[in-house]
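The structure appears right after this line, and notes come after that.
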Amino acid sequence: MTEPLDIALEIDPPDPILLTELLFMQSPGGTEMIAIIIILILLACSALISGSEVAYFSLSPVQIKEVSESKVESDVKVDALLQHPERLLATILILNNLINIAIVVLSSVVVEGMVDFNVLGVFWTYFIQIGVVTFIILMAGEVLPKVYASTHNLSLARLMSTPLTGFAIVLKPLSRSLIQMGAMVKKRVKKDSEITVGHLEHAMEITKDENTRTDETRILEGIVKFGNIDVKQVMTPRVDTFALELNTDFEELLSLVVDKGFSRIPVFRESLDDVAGVLYLKDLIPFIKMRKLNWHKLVRPAYFVPESKKIDDLLNEFQESRRHLAIVVDEYGGTSGIITLEDVIEEIVGEITDEFDDDDLNYTKVDAQTYILEGKTPLVDMYRILEIEGDRFEESKGESDTLAGFIIEQAGKIPLKNERIDFEEFTFIIEAADRRKVRQVKVVMNEQVDEDE
Ligand code: ATP
């Protein structure tokens, strides 16, 4: 007759009925019974502790307010525990892990006492010890109590307030070192987890689909880049600023103002580096019919900003001071240009053309690859016109903010008419220049050569 032991060794995997019979070949002794009772108690504790994690950290602001205003003892304790959320979490985690480890150790005592290694073989013995025990801990000690706690959070938090308060005191040394270690790690990884403008741009790039409108994309891109743009990049430069000398005759002033059509005009004393204030066109309207006027009294104080100011900060200042125009000054206090609210807003919404704007001067599109731009075109506007990412220009440029400035930097001199300057797949051909200035540039976007080909 074949021994039951031999039959079991021949079966792989074991027959479940036979396995059950074999499992209980040895009935639990006194030690195993005590261990089983302790495991059940520990499982209940594990359930309550891990349920508390969800219970405490899912309390709504209303519930938190309720316990903080209550005088009931359990509520006072809940409130006190919530005052130190990191310590509470550390206490819960330490307790839960200690209990779960105790369950694992005790269950291996039970399994070893009740199961015959020779019958089941090493694999199935470890399967019971690790797989089954982990499953029981996960279901009874983690998943089910957490599901329950999410719907009964306040009552469970109240129930656990006394034991958790006690354990928070007992485990304080341990939880404190855990918090300190956590803080150290957090400090180290923080740099990597910071969201940069590049990350946001990348996120927009990968979430873009055929349903995304181009104007939506442009506005979002504008918002993302907004905080990174400084005044110098978008201002109207000094050479293009229309300003009035303080001693200009009123009649002459009127004709100049009408001719230029700007609503706000800087007024200077000796030179544009000495700005006396800003003249508002609307302040002139009541006197428009007069021939003579001491118009200096109409000049309002000017608002000065440095070239390096970020335009998001400037927008806040414009809003707070209810101004639309600022005089941009360089590091030596000289005037570099002016910037208006429209220049700032345009960085988000794109080009704004009002009734009086001369909009046909900026650039000419010759074909899909060729554009003619003014030298003074800000680089940020060029990226928009050419529909390119400006990253490579931004990386290669020095101080320059305009196309002319970039070309001069690349060439190392002021290039002459018809000179060609290559930058990556772009060729810049100087269309018009003099000894001091690059006025007009033809930009050719050559086909990118695929390196694999
Ligand atoms: P508004 O539209 O409020 O009547 P505006 O048309 O005179 O004012 P903005 O709309 O504020 O001027 O700006 C339009 C563009 O004109 C901006 O690029 C700005 O830098 C430029 N600009 C405004 N005032 C002057 C000026 N006095 N000289 C040169 N450029 C100016």
Side-chain angles (χ1 to χ4, degrees), residues 222 226 229-246 248 252-269 271-286 288 295-296 298-307 309-330 334-363 373-385 401-405 437 439:
F226 197 54
I229 300 173
D230 50 38
V231 163
K232 192 172 167 225
Q233 288 173 279
V234 292
M235 69 181 185
T236 295
R238 180 187 173 119
V239 283
D240 294 326
T241 299
F242 167 59
L244 287 165
E245 214 182 323
L246 200 57
T248 311
E252 189 193 345
L253 174 145
L254 283 181
S255 75
L256 282 170
V257 163
V258 171
D259 183 38
K260 297 289 179 183
F262 291 116
S263 302
R264 298 161 202 88
I265 304 142
V267 178
F268 61 90
R269 295 185 188 91
S271 80
L272 199 50
D273 288 326
D274 187 9
V275 174
V278 178
L279 180 67
Y280 284 60
L281 199 66
K282 67 175 181 205
D283 290 340
L284 280 180
I285 292 171
I288 211 106
W295 58 272
H296 308 118
L298 301 176
V299 175
R300 301 195 198 193
Y303 184 57
F304 297 91
V305 292
E307 290 175 336
K309 183 178 271 303
K310 297 284 177 230
I311 58 170
D312 55 345
D313 292 334
L314 180 65
L315 179 62
N316 281 337
E317 289 173 21
F318 274 155
Q319 284 173 312
E320 276 164 22
S321 62
R322 300 189 191 179
R323 288 170 200 268
H324 283 221
L325 181 141
I327 311 286
V328 185
V329 287
D330 63 21
T335 301
S336 337
I338 56 162
I339 184 159
T340 67
L341 185 61
E342 187 177 303
D343 295 320
V344 175
I345 305 284
E346 275 180 350
E347 287 312 302
I348 298 181
V349 297
E351 204 64 32
I352 300 171
T353 315
D354 68 22
E355 301 86 330
F356 304 101
D357 278 355
D358 200 356
D359 61 353
D360 51 12
L361 277 176
N362 295 337
Y363 72 95
L373 289 113
E374 290 182 44
K376 67 181 181 192
T377 308
L379 284 171
V380 282
D381 286 351
M382 183 186 81
Y383 309 148
R384 225 177 274 145
I385 294 167
D401 292 304
T402 61
L403 173 58
K437 227 172 159 188
R439 292 187 185 280

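A quick note: this is a predicted structure, and the numbers were derived from the prediction, not measured. Residue indices begin at 1 and follow the sequence shown. We count ligands from 1, going down the list as the structure has it; atoms in each ligand are counted the same way.
Residue Phe226 holds its CZ atom at 4.5 Å from CG of Leu315, rounded to the nearest 0.5 Å. The structure places CG of Asp230 at 9.5 Å from CE of Met235, a figure rounded to the nearest 0.5 Å. Between Ile311 atom CD1 and Phe318 atom CZ the span is 10.5 Å, to the nearest 0.5 Å.
Ligand 1 places these atoms under 4.0 Å from at least one heavy atom of Asp240: 29 (C). Short contacts between ligand 1 and Pro266, defined as distances under 4.0 Å to a heavy atom of the residue, involve ligand atoms 27 (N). Counting the atoms of ligand 1 from 1 in the order shown, those under 4.0 Å from a heavy atom of Thr241 are 28 (N), 29 (C). Near Thr236, the atoms of ligand 1 lying under 4.0 angstrom from a non-hydrogen atom of the residue are 18 (O), 19 (C), 20 (O), 21 (C), 30 (N).
Surrounding NZ of Lys260 are at most 12 heavy atoms belonging to other residues, nucleotides or ligands under 6.0 Å away.
The pair Asp273-Arg238 meets the salt-bridge criterion, since a charged nitrogen lies less than 4.0 angstrom from a carboxylate oxygen. Ion pairing between Glu347 and Arg384 holds under the 4.0 Å rule for side-chain N and carboxylate O.
Below 3.5 Å of separation, one finds no N or O of Ile339 facing any N or O of ligand 1. At least one N or O atom of Ser263 sits closer than 3.5 Å to an N or O atom of ligand 1. In terms of N/O distances under 3.5 Å, ligand 1 is approached by Thr340.
Distances from ligand 1 to the non-hydrogen atoms of Gly337 include no value under 4.0 Å.
In summary, the side chains of Ser271 and Asp274 do not present any donor paired with an acceptor at a separation below 3.5 Å, with no hydrogens or angles considered.
In the candidate list Arg264, Arg238, Met235, Glu342, Glu342 is nearest to atom 14 (C) of ligand 1, counting heavy atoms. When Leu279, Val344, Ile338, Leu341 are ranked by how near their heavy atoms come to atom 25 (C) of ligand 1, first place goes to Ile338. For atom 30 (N) of ligand 1, the nearest non-hydrogen atom from the set Tyr280, Phe242, Phe262 belongs to Phe262.
The side-chain contact (heavy atoms from CB on, under 4.5 Å) test with Val257 is passed by exactly one of Leu253, Leu254, Asp259: Leu253.
Neither the backbone nor the side chain of Ala243 has a heavy atom within less than 4.0 Å of ligand 1.
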